[in-house]
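Accompanying notes for the structure given below.
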Amino acid sequence: VSVSGATDKTDYFISAGYLEDPSYIQGSQFNRYNVRSNINSQITKWLKAGINMAYSRRAVQSPATRYGRNPGSAVANVFRWVNGQSALIPLFQRNADGSYILDAAGNKQYTSAAEQNGSVVGPTGGPTSTANLDYILNHDKDETISNDINIRGYVEAKFLKDFTFQANLAVDNTWAMRYRYISKLHGAGVSEKGAFGRSYSDYQNINSQQTLNWAHDYGKHHVDALIGHEFNWMRTSSLNYKAAYSLIEGFDTFANYIFPNSGGTFSGIGGGEDQEALEGYFLRANYNYDSRYFISASVRTDGSSKFKNVSDRWGWFWSLGGAWRISNEEWIKDASWLTDLKLRADYGTTGNQSGIGNYAGYTTWGYAATGWLNSGASMPSGWKLTQNAMANSSLTWETKKTWDVGLDFRLWDRFYGTIDWYRSMTDDMLWNVPMSIEKGQTTIAANSAKMKTWGIEFDLGVDIIKTPDILWSFSVNGGHYKSTM
């Protein structure tokens, strides 16, 4: 369902939806609620603002499957039963004539052992498990409920004719809770008299950008420039709890379990938190003369929290490029067969810091108990600090230098293509360097490698049918490259 409208200064859009997928497996289903809104307003002649907001709630219930996407025991895996159990062994006990074997109350009885079913050739074998699969699928729980909020807002101001300032803020949040429950009557939880688990996780990302753009035309000369700042902060956290030994069947809450930190394969009691920040400043300038000659240059510096030392935290990266649109030259404009022809070349550097962990440049420590004063392991007799993996505090950005020469063309307004030759060299490449096992580990991250790559890429096509109403094109692309390290 959606609603939209506009006035001379404001436009808006609001939508809401619901989706339900019951699946084809018992105990498996999915549903989602979502709502979205988008509003833009021209507040004054020079000031504009807008906001885009979205919220969704997702609920996923999935049966535990060892061989599927969700971990779990083999006895709770319906696909293991279907594919691994003999088709001669029925779910409910049957006599040799095919009739059901009923209990004293007249209910069907599940097959739980060998020789419980008759056939024309004698008793059948036992099932994949003695567990009650039907009960497990309908009562055990593995449900994850996620809530997502995404907000985008901006303010744009135009002043002094040629200047535009824009500030953007984006916030993304996801909160998720995974509910786990295993019956004490059937399946993997029988030995522990049932199990119960909770796993909470949240993700938050905040990104802000501020840019100032200037553009002006001086006759056939066009010049524009942009200067900006960007900041990104991300945090993830998790919290886990599990317990076993329930009193009331089907009552999956904390008060019903008295044996904490026990419960099958559920995540043990504990949690964690990670944070990462990235900040950058950038500048870009473009010039073109009469749409024939183009020059572009940019420079930016970025600082990452992954690198410990301030001197190594910031990297500088730049680029310079040019292009010549040959098809706009006076001496070739009359060539009817040539629709477009442009030759371009550029050189630039880019940085990378995604190949290492958030704390690869820091020395981290583990805090733990030396022993326990009680059998429940809840009162430590002492504590200790243990240094984790050795860190390289001199880690810094890896830098990739790239040269590129390309040709873009279109002939007879029907045949078109792009051909590029490139060469790149990556310096200070992040790489795990072997080290003596006497140091307590076999490798350590360092800016210790170089990689060179060169190659060619092409994209060629033709418009087979081109009319105002129909466009049918055929294209082929490919490339070849070689790398040395």
Which atom of [X] lies closest to which atom of [Y], heavy atoms considered:
{"X": "Phe409", "Y": "Thr418", "value": "CE2-N, 4.3 Å"}
{"X": "Ile43", "Y": "Ala49", "value": "CD1-CB, 3.9 Å"}
{"X": "Thr144", "Y": "Arg178", "value": "OG1-CG, 3.4 Å"}
{"X": "Ile269", "Y": "Asn261", "value": "N-OD1, 2.8 Å"}
{"X": "Ser475", "Y": "Asp459", "value": "CB-OD1, 4.1 Å"}
{"X": "Gly406", "Y": "Asp420", "value": "CA-OD1, 3.6 Å"}

Between Trp324 and Glu329, is a side chain to side chain donor-acceptor pair (under 3.5 Å) present by the stated rule, with each step listed?
CA-CA 9 Å; Trp324 176 25; Glu329 295 290 350; 2.8 Å; yes
Assess the pair Tyr181 and Phe196: is the distance between their ring centroids shorter than 6.0 Å?
no
Taking side chain to side chain donor-acceptor pair (under 3.5 Å) as the cut-off, I'd like each qualifying pair that reaches into residues 447-457, sequence neighbours left out, listed once.
Thr453-Ser483
So which pairs with a foot in residues 206-216 pass side chain to side chain donor-acceptor pair (under 3.5 Å), sequence neighbours left out?
Asp162-His216, Asn207-Glu230, Asn207-Asn232, Gln209-Glu230, Gln210-His229
[atom1]-[atom2] distance between [X] and [Y], expressed to the nearest 0.5 angstrom:
{"X": "Arg300", "Y": "Ser319", "atom1": "CZ", "atom2": "OG", "answer": "10.5 Å"}
{"X": "Leu460", "Y": "Ile419", "atom1": "CG", "atom2": "CD1", "answer": "6.0 Å"}
{"X": "Ile14", "Y": "Asn38", "atom1": "CD1", "atom2": "CG", "answer": "10.0 Å"}
{"X": "Asp148", "Y": "Asn173", "atom1": "CG", "atom2": "CG", "answer": "9.5 Å"}
{"X": "Trp175", "Y": "Ser237", "atom1": "CH2", "atom2": "OG", "answer": "11.0 Å"}
{"X": "Thr396", "Y": "Asp312", "atom1": "OG1", "atom2": "CG", "answer": "5.0 Å"}

Is the backbone of [Y] close enough, under 3.5 Å, to the side chain of [X] for a donor and an acceptor to pair up by distance?
{"X": "Lys48", "Y": "Val155", "value": "no"}
{"X": "Thr339", "Y": "Asp413", "value": "yes"}
{"X": "Ser424", "Y": "Thr402", "value": "no"}
{"X": "Thr301", "Y": "Gly315", "value": "yes"}
{"X": "Asp217", "Y": "Gly219", "value": "no"}
{"X": "Gln61", "Y": "Gly27", "value": "yes"}
{"X": "Thr426", "Y": "Met429", "value": "no"}

Heavy-atom side-chain proximity of Trp421 to Phe458 below 4.5 angstrom
no
Student check: side-chain heavy atoms of Leu471 and Asp463 closer than 4.5 Å:
yes
As a quick check of understanding, evaluate side chain to side chain donor-acceptor pair (under 3.5 Å) for Asp408 and Tyr416, giving each step before the final call.
CA-CA 8 Å; Asp408 303 326; Tyr416 57 89; over 6 Å; no
Please identify each residue that fulfils ring-ring contact (aromatic ring centres under 6.0 Å, His included) with Trp403, with sequence neighbours left out.
Tyr347
Tell me every residue that passes ring-ring contact (aromatic ring centres under 6.0 Å, His included) with Phe317, counting only those two or more places apart in sequence or in another chain.
Trp397
Hydrogens and angles aside, do [X] and [Y] bring a side-chain donor and acceptor to less than 3.5 Å of each other?
{"X": "Asp469", "Y": "Thr467", "value": "no"}
{"X": "His222", "Y": "Asn288", "value": "no"}
{"X": "Tyr154", "Y": "Glu156", "value": "no"}
{"X": "Gln29", "Y": "Ser23", "value": "no"}
{"X": "Tyr359", "Y": "Asp274", "value": "yes"}
{"X": "Ser41", "Y": "Thr10", "value": "yes"}
{"X": "Asn205", "Y": "Asp172", "value": "no"}
{"X": "Glu276", "Y": "Trp233", "value": "no"}
{"X": "Asn328", "Y": "Ser291", "value": "no"}

Glu398 vs Asn352, side chain to side chain donor-acceptor pair (under 3.5 Å): CA-CA, chis, key distance, verdict:
CA-CA 5 Å; Glu398 67 177 36; Asn352 176 48; 2.8 Å; yes
Evaluate whether atom [atom1] of [X] has more than 12 neighbouring non-hydrogen atoms of other residues, nucleotides or ligands under 6.0 angstrom away.
{"X": "Phe415", "atom1": "CZ", "result": "no"}
{"X": "Trp472", "atom1": "CH2", "result": "no"}
{"X": "Arg235", "atom1": "CZ", "result": "yes"}
{"X": "Tyr367", "atom1": "OH", "result": "no"}
{"X": "Lys9", "atom1": "NZ", "result": "no"}
{"X": "Trp431", "atom1": "CH2", "result": "no"}
{"X": "Tyr481", "atom1": "OH", "result": "no"}
{"X": "Tyr55", "atom1": "OH", "result": "yes"}

Between Arg344 and Asp404, does any NZ, NE, NH1 or NH2 come within less than 4.0 Å of an OD or OE carboxylate oxygen?
yes
Give the C-alpha distance, both sets of side-chain angles, the deciding distance and a yes or no for side chain to side chain contact (heavy atoms under 4.5 Å, CB included) between Asn31 and Leu19.
CA-CA 5 Å; Asn31 65 69; Leu19 173 66; over 6 Å; no
Only one of Arg414, Arg325, Lys333 clears salt bridge (Lys or Arg N to Asp or Glu O under 4.0 Å) with Asp340; which?
Arg325
Would you please test Asp428 and Thr399 for side chain to side chain donor-acceptor pair (under 3.5 Å) and show each step?
CA-CA 6 Å; Asp428 299 325; Thr399 304; 5.0 Å; no
If the condition is side-chain contact (heavy atoms from CB on, under 4.5 Å), which residues does Val299 pass it with, not counting sequence neighbours?
Leu283, Trp316, Trp318
Taking only residues two or more places apart in sequence or in another chain, which ones pass side-chain contact (heavy atoms from CB on, under 4.5 Å) with Ile145?
Arg57, Ala59, Glu143, Asn147, Tyr179
Could you go step by step and tell me if Tyr241 and Phe254 meet the ring pair (Phe, Tyr, Trp, His ring centres under 6.0 Å) rule?
CA-CA 10 Å; Tyr241 179 85; Phe254 294 88; 5.2 Å; yes
